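Fair warning: this is a prediction, and the values are worked out from it, not measured in the lab. When reading the values below, keep in mind they use all heavy atoms of this one structure, side chains included, and skip hydrogens, waters and symmetry mates. Remember, it's 1-based here, ligands and their atoms both numbered in the order they're listed.
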Amino acid sequence: MFTSILIANRGEIACRVIRTAKRMGLRAIAVYSEADVNAPHVRMADEAHLIGPAPARESYLVAERILAAARKSKAQCIHPGYGFLSENAEFAEACAAAGIVFIGPPPAAIRAMGLKDAAKALAEKAGVPVVPGYHGERQDVEFLKKRAENAGLPVLIKAIAGGGGKGMRRVDRMIDFADALASARREAKSAFGDDRVLIEKYVTTPRHIEFQVFGDQHGNVVHLFERDCSMQRRHQKVIEEAPAPGMTKAVRAAMGAAAVNAAKSVGYVGAGTVEFIVDGSRALRPDGFWFMEMNTRLQVEHPVTEEITGLDLVELQLRVAAGEPLPFMQDDLAIHGHAVEARLYAEDPEKGFLPSTGKLYALNLPQGDGVRVDAGIEEGGEVSPYYDPMIAKIIAHGETRSEALDRLSSALKSTIVAGPKTNISFLHRLINDAGFRSEKLDTGLIERSLEQLGAVEQPVDTAAARVGALSLIADSAAARARQRAAQSNEKNSAWDVWCGFSLAGPLSTTVACDVEGSRMAIAIGWDGRSACPGETVDASARVIRADGQVIVLRNGRQTRVTLIDPLDVDLTALDGASDGVVKSPMHGKLIALLVEAGASVEKGQKLAIVEAMKMEHALTAPRAGTVSAIMAIPGQQVAEGAKILTVAE
Ligand code: ADP
């Protein structure tokens, strides 16, 4: 076994790998970017090396910097985690050339499965059924259009270099084909530097079932059962579980054998995942599944497999990489209970799931029977705009599916995050959604249920705003009182204490606040005889202080409140309405302006596209009117809050 390991990653997966490495007695070496100086993975490791500035392409994606850190620290092996360099065959080769073991499959296997078109061709050859469509060389629009027509609508355009749902567009009408193709290509080019695509028949009511496979250097390949990852949004997994509901012995045997064959066809070694698509509108059948792709790394969702098998997949990866044979054969493996994972993201479901960044003023992750949390960030830390905005994975295990879901549900209920917006309440509703509970799984469930899941624009929580305003007033009054008391000779004089005493009786006033970016006048009142202001309010709300602002948590929502200097504003003019300025909701690049100055627009109309974290996000008109000013140009980097354009009434 190795005695040292470098982890070429960050966040929860780096922490998770370090945990196993240390348990096995290895010296754990972390690498980090300038944005991650204070990150937990840096502190957990035995030593850590700075590899460059915050942007991943200048740090976590630079093979040479990572190899230099590995040489300097005398690391014997490198674990790439997922994302970044994990599926980069050149990096695996460079490790070998430097005499360092890459924890993953041979470079040839990565390469063979790296592009979706080649992988499909390979799978076909290995006798594994694939989704019909076109996965050849030709890329001209007219030709691809023909092939889409032949396959029959709807079709899916997929970047052959794709991953994480990027560069993928569903097309339902031929007139949309060219636009969808252009958009898929743009996203693919920016995310993968390769804009080639393939065309696939869109499987109606698709359900995503994948098999965890494991190979060793002695020719053994087994599968560790399946995971159902059908709860997706924009082709990205949200909830994953194992085993797959409705799975039968016969279907598992057929799919498992196909997965093992696909892995064997490329001489697979280590942990891998073979993804299949099935028709979710009917029961699973031994002849009703199609290969989509193989991921040649550890998956985000590997914990659910660990929970039902009792295995540590990172330990297995290390043992296999060190040349040990797999310690079991297929028939030795069994499923214990049921496990579900929810991905807790810093994103705003009420605003189209826009990534949300910033400091975590509060972070309380759940604990309890059968609950596991894999996190890579902690209270006081920052969700950075440079990386994937996942805060943690919350995993629950139980005897049965419903027990696991109940445990996950209460775990989510007890999770507290203040700062960036999160999907906690969305996940909680999804876990308890009747369709999901009744095992009617397909990848369209979330998109169909956005309203029930609370993932639609909601009015400002005025009750929370009042709570926030009161507590800000109380804070500043308390600060004044403290100051006065400090200067006073009579320390216990009632005149110099703010709380607990009032000559005026009930008070009320109106204050100007910024609530979630809208200026509002908020009427607050309190009963001066009973308590300090701030104590007489909604007991279900929780107030978190956040650098001069407060964040009020109430009914699963966060409301950010700041006091505005009353001398600055005319209280009577504050109605919470939009001022018509369209701002970039996050750091990113303005990639398209869809309107020109002077254009008249409808409320909700798409006006511009900002790309962040390799995904495109549309900015929409906050009200009907005329585009009166444009303050940014396509191609420009825009900061969070940067003004893009104005819609005048
Ligand atoms: P990525 O590598 O970007 O994750 P995948 O090929 O794994 O892309 O597909 C991601 C998701 O998109 C799948 O889990 C599935 O929900 C959906 N999907 C992929 N191919 C099809 C298809 N042919 N028909 C319907 N849905 C599909």
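- Atoms of ligand 1 lying under 4.0 Å from any heavy atom of V131, numbered from 1 in the order shown and given with element: 23 (N).
- Each of the atoms 20 (N), 21 (C), 22 (C), 23 (N) of ligand 1 lies under 4.0 Å from some heavy atom of E200.
- The backbone N or O of E137 lies less than 3.5 Å from a partner atom in the side chain of Y134, making a donor-acceptor pair.
- Annotation: salt bridge (Lys or Arg N to Asp or Glu O under 4.0 Å) contacts involving residues 145-162, sequence neighbours excluded, comprise K158-E200.
- Where the criterion is an N or O separation shorter than 3.5 Å, residue side chain and backbone included, Y202 fails it with respect to ligand 1.
- If you check which protein heavy atom lies closest to atom 3 (O) of ligand 1, you get G165 N, 2.6 Å.
- In this structure, K116 is part of the shell of residues with a heavy atom less than 4.0 angstrom from ligand 1.
- Taking the six-membered ring for Trp and the full ring otherwise, the centers of F225 and H223 sit less than 6.0 Å from each other.
- For V101, the side chain to side chain contact (heavy atoms under 4.5 Å, CB included) partners at least two apart in sequence or on another chain are F2, C77, A321.
- Scanning the protein heavy atoms around atom 24 (N) of ligand 1, the nearest turns out to be V203 N, 2.8 Å.
- Checked by atom type and distance alone, the side chain of E187 pairs as donor or acceptor with a backbone atom of G167 at under 3.5 Å.
- From the protein, the heavy atom lying nearest to atom 27 (C) of ligand 1 is I277 CD1, 3.2 Å.
- Between the choices H235, K201, M168, the shortest heavy-atom distance to atom 9 (O) of ligand 1 belongs to M168.
- Between R16 and the options D312, N9, D374, a side chain to side chain donor-acceptor pair (under 3.5 Å) holds for only D312.
- Relative to atom 7 (O) of ligand 1, the option among E275, R170, H208 with the closest non-hydrogen atom is E275.
- The aromatic rings of F84 and Y60 lie parallel to each other, their planes meeting at an angle below 30°, with 60° marking the opposite boundary.
- Close contacts of ligand 1 with L156, meaning ligand atoms under 4.0 Å from a residue heavy atom, involve 18 (N), 19 (C), 20 (N), 21 (C), 22 (C), 27 (C).
- Put simply, the side chain of R429 gets close to the backbone of Q452: a donor and an acceptor are under 3.5 Å apart.
- The residue from K237, R207, K158, Q236 that puts a heavy atom closest to atom 6 (O) of ligand 1 is K158.
- Listed by number with element, the atoms of ligand 1 under 4.0 angstrom from any heavy atom of P206 are 25 (C), 26 (N).
- Compare M294, M292, Q232 by their heavy atoms: the one nearest to atom 11 (C) of ligand 1 is in Q232.
- Residue-environment remark: NZ (K201) exceeds the threshold of 12 foreign heavy atoms within 6.0 Å.
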